[in-house]
Amino acid sequence: MIIVDAQAPDMPIVFVNDAFLRMTGYSRHEVMGRNCRFLQGPDTDVEAVRALAQATGKGKAASLDVLNYRRDGTPFWNALQISPVRAADGQIVYFIGSQVDVTARKAAEAALEAAAEAQARTAQQALADRTALLHEVDHRVKNNLQLITSLLVLQTRRTLDSATRTALESMLSRVSAIATVHRRLFQSHDLERFDVATFVRDLMGDLSSDREDVDIQLEMERVDIAAAQAAPLALAVNELVDNAFKHGLAPGNAGRLTIGVRRLNGHYVIEVCDDGPGLPDSGEFAPGFGLTITNLLAQQLRATLTFESAQPGLRATLKLPADG
Ligand SMILES: Nc1ncnc2c1ncn2[C@@H]1O[C@H](COP(=O)(O)OP(=O)(O)O)[C@@H](O)[C@H]1O
Ligand SMILES: [Mg+2]
């Protein structure tokens, strides 16, 4: 500890204890009568020291961790506490300063901070690596699906047999739907979620170009599903839309196709509704390959798939648990 004279010019030190001398490396005659600014050095925070002087100038007690220097020039962290001592008339006569070397604590704090920072940086880097990798995978999958799509287009063109051609066209439409999913996933910033409404808009953009006779209505809310569910959902929606075009709105009978995407009581609901003839009577109705896989996909999505009459037409409803 030290005591300085508050009334003498430049507040000289009038008392130091041995501990102060041991801590700073000075001998008593070197410090007596001096202002204690000799403890400051090149890396001392001058702003902090000024704030301290201001506080004591107003007669307040103050405390501060400040970088000080020993006689041999080595720095140490000083936890400084200064309190005024008043005479009976209220005038400040002394300031008592207590000083504790907290270099070890400061070093520990700095090490802890550095470790936490390093850890945060590593975690951030790992996340960035993972994101880049996922992005790269989406990119490759997208390109490969486009390649498969092109192959199917070429093969369909060369196929004369109409049944084979129809089968190839169906596969082409399915692969295209999955390719659209991966194009979306690749373009999206969020690699975990899949925006169903945007996908439906893409899909309808692709399909509607050769069906200008159909009035397409989109009634969509924002619905994001887990990226892992994107492909099965896209395939199922593609089958339902394909059926609506093919069976509900057969070329020639212009009609309306409404697609709804919305949230409802903890579920996501996707509706495909045409105004065609509706499903044939149950006696004659047999699900083909399309509806068979659609039912399997619905199971995989833990969704229910229902058909009802839209009077006229057919409404297919796919209802899946939100965030399932
Ligand atoms: N939107 C619809 N309107 C009328 N009939 C439909 C509709 N969707 C499906 N169907 C009927 O259900 C049958 C089975 O459909 P699907 O399993 O997709 O096979 P595909 O489309 O290859 O015929 C269709 O052949 C058709 O008779
Ligand atoms: Mg079908």
Side-chain angles (χ1 to χ4, degrees), residues 145 148-149 152-153 155-156 159-181 196 199-220 229-262 268-320:
L145 286 170
I148 298 171
T149 307
L152 282 169
V153 168
Q155 188 150 30
T156 307
T159 304
L160 298 176
D161 176 60
S162 80
T164 315
R165 216 183 144 99
T166 306
L168 281 172
E169 276 166 359
S170 295
M171 282 320 288
L172 176 59
S173 137
R174 287 165 190 139
V175 174
S176 298
I178 303 175
T180 304
V181 167
V196 177
F199 164 76
V200 168
R201 237 174 254 125
D202 275 13
L203 184 72
M204 297 320 292
D206 294 344
L207 295 180
S208 63
S209 52
D210 31 297
R211 288 303 302 273
E212 276 164 3
D213 55 329
V214 177
D215 170 20
I216 297 171
Q217 303 282 324
L218 302 180
E219 295 169 2
M220 301 197 290
Q229 295 193 317
L233 182 79
L235 262 182
V237 172
N238 185 58
E239 292 304 324
L240 298 176
V241 171
D242 184 59
N243 279 351
F245 274 127
K246 213 161 60 185
H247 308 298
L249 306 155
N253 33 331
R256 169 176 293 191
L257 171 60
T258 309
I259 302 181
V261 174
R262 60 179 194 278
Y268 298 141
V269 176
I270 294 147
E271 265 178 11
V272 178
C273 185
D274 64 62
D275 57 2
L279 284 183
D281 290 338
S282 52
E284 313 157 32
F285 174 67
F289 181 60
L291 286 184
T292 303
I293 59 170
T294 310
N295 273 311
L296 289 173
L297 292 164
Q299 274 176 33
Q300 187 185 336
L301 291 164
R302 295 193 290 123
T304 54
L305 175 63
T306 51
F307 295 94
E308 59 186 332
S309 170
Q311 291 166 346
L314 183 70
R315 174 181 295 119
T317 307
L318 198 59
K319 186 172 164 190
L320 58 155

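Atoms within a ligand are numbered from 1 in the order they appear, just like the ligands themselves. If you're wondering where the values come from, they're calculated on a predicted model, not measured in any experiment.
Each of the following atoms of ligand 1 lies closer than 4.0 Å to a heavy atom of Gly278: 4 (C), 5 (N). Counting atoms of ligand 1 from 1 in the listed order, those under 4.0 Å from a heavy atom of Gly248 are 3 (N). Applying the 4.0 Å criterion to heavy atoms of Leu314 picks out, from ligand 1, the atoms 1 (N), 2 (C), 7 (C), 8 (N). Atoms of ligand 1 lying under 4.0 Å from at least one heavy atom of Gly288, given by number and element, are 14 (C), 16 (P), 17 (O), 19 (O). When each atom of ligand 1 is checked for a heavy atom of Gly290 under 4.0 Å away, the hits are 17 (O), 18 (O). Within the listing of ligand 1, atoms 21 (O), 22 (O) sit less than 4.0 angstrom from a heavy atom of Lys246. Numbered from 1 in the order shown, with element, the atoms of ligand 1 that lie under 4.0 Å from a heavy atom of Leu291 read 12 (O), 14 (C), 15 (O), 16 (P), 17 (O), 18 (O).
The closest approach between any non-hydrogen atom of Pro277 and ligand 1 is not below 4.0 Å. Using 4.0 Å as the threshold, Glu239 has no heavy atom nearer than that to any atom of ligand 1. For Pro280, the heavy-atom gap to ligand 1 drops under 4.0 angstrom. At least one heavy atom of Phe285 sits less than 4.0 Å from an atom of ligand 1.
Asn243 lies close to the Mg ion (ligand 2), since one of its N, O or S atoms is found at a distance under 2.8 Å.
The heavy-atom pair separating Ile216 from Ser208 by the smallest distance is CD1-CB, 3.3 Å. The two residues Gln300 and Pro232 have their closest heavy-atom pair at NE2-CG, 3.8 Å. Scanning both residues, Gly248 and Pro277, for their nearest heavy atoms gives O-CD, 3.6 Å.
Sorted by first and then second residue, the side chain to side chain donor-acceptor pair (under 3.5 Å) pairs involving residues 271-280 (not counting sequence neighbours) form an empty list.
Between the Asn295 side chain and the Leu291 main chain, a donor and an acceptor come within less than 3.5 Å of each other. Formation of a donor-acceptor pair under 3.5 Å by the Thr180 side chain with backbone atoms of Ser176 is found in this model. Although no hydrogens or angles enter the test, the distance criterion places a donor-acceptor pair under 3.5 Å between the side chain of Arg165 and the main chain of Thr159.
Heavy-atom neighbours of Gln155 CD from other residues, nucleotides or ligands within 6.0 Å: at or below the threshold of 12.
Ranking the protein heavy atoms by distance from atom 10 (N) of ligand 1 puts Leu279 CD2, 3.4 Å first. Of all protein heavy atoms, the one closest to atom 9 (C) of ligand 1 is Asn243 ND2, 3.5 Å. Of the protein's non-hydrogen atoms, Asp274 OD2, 2.8 Å is the one closest to atom 1 (N) of ligand 1. Taking atom 24 (C) of ligand 1 as the reference point, the nearest protein heavy-atom neighbour is His247 NE2, 3.4 Å.
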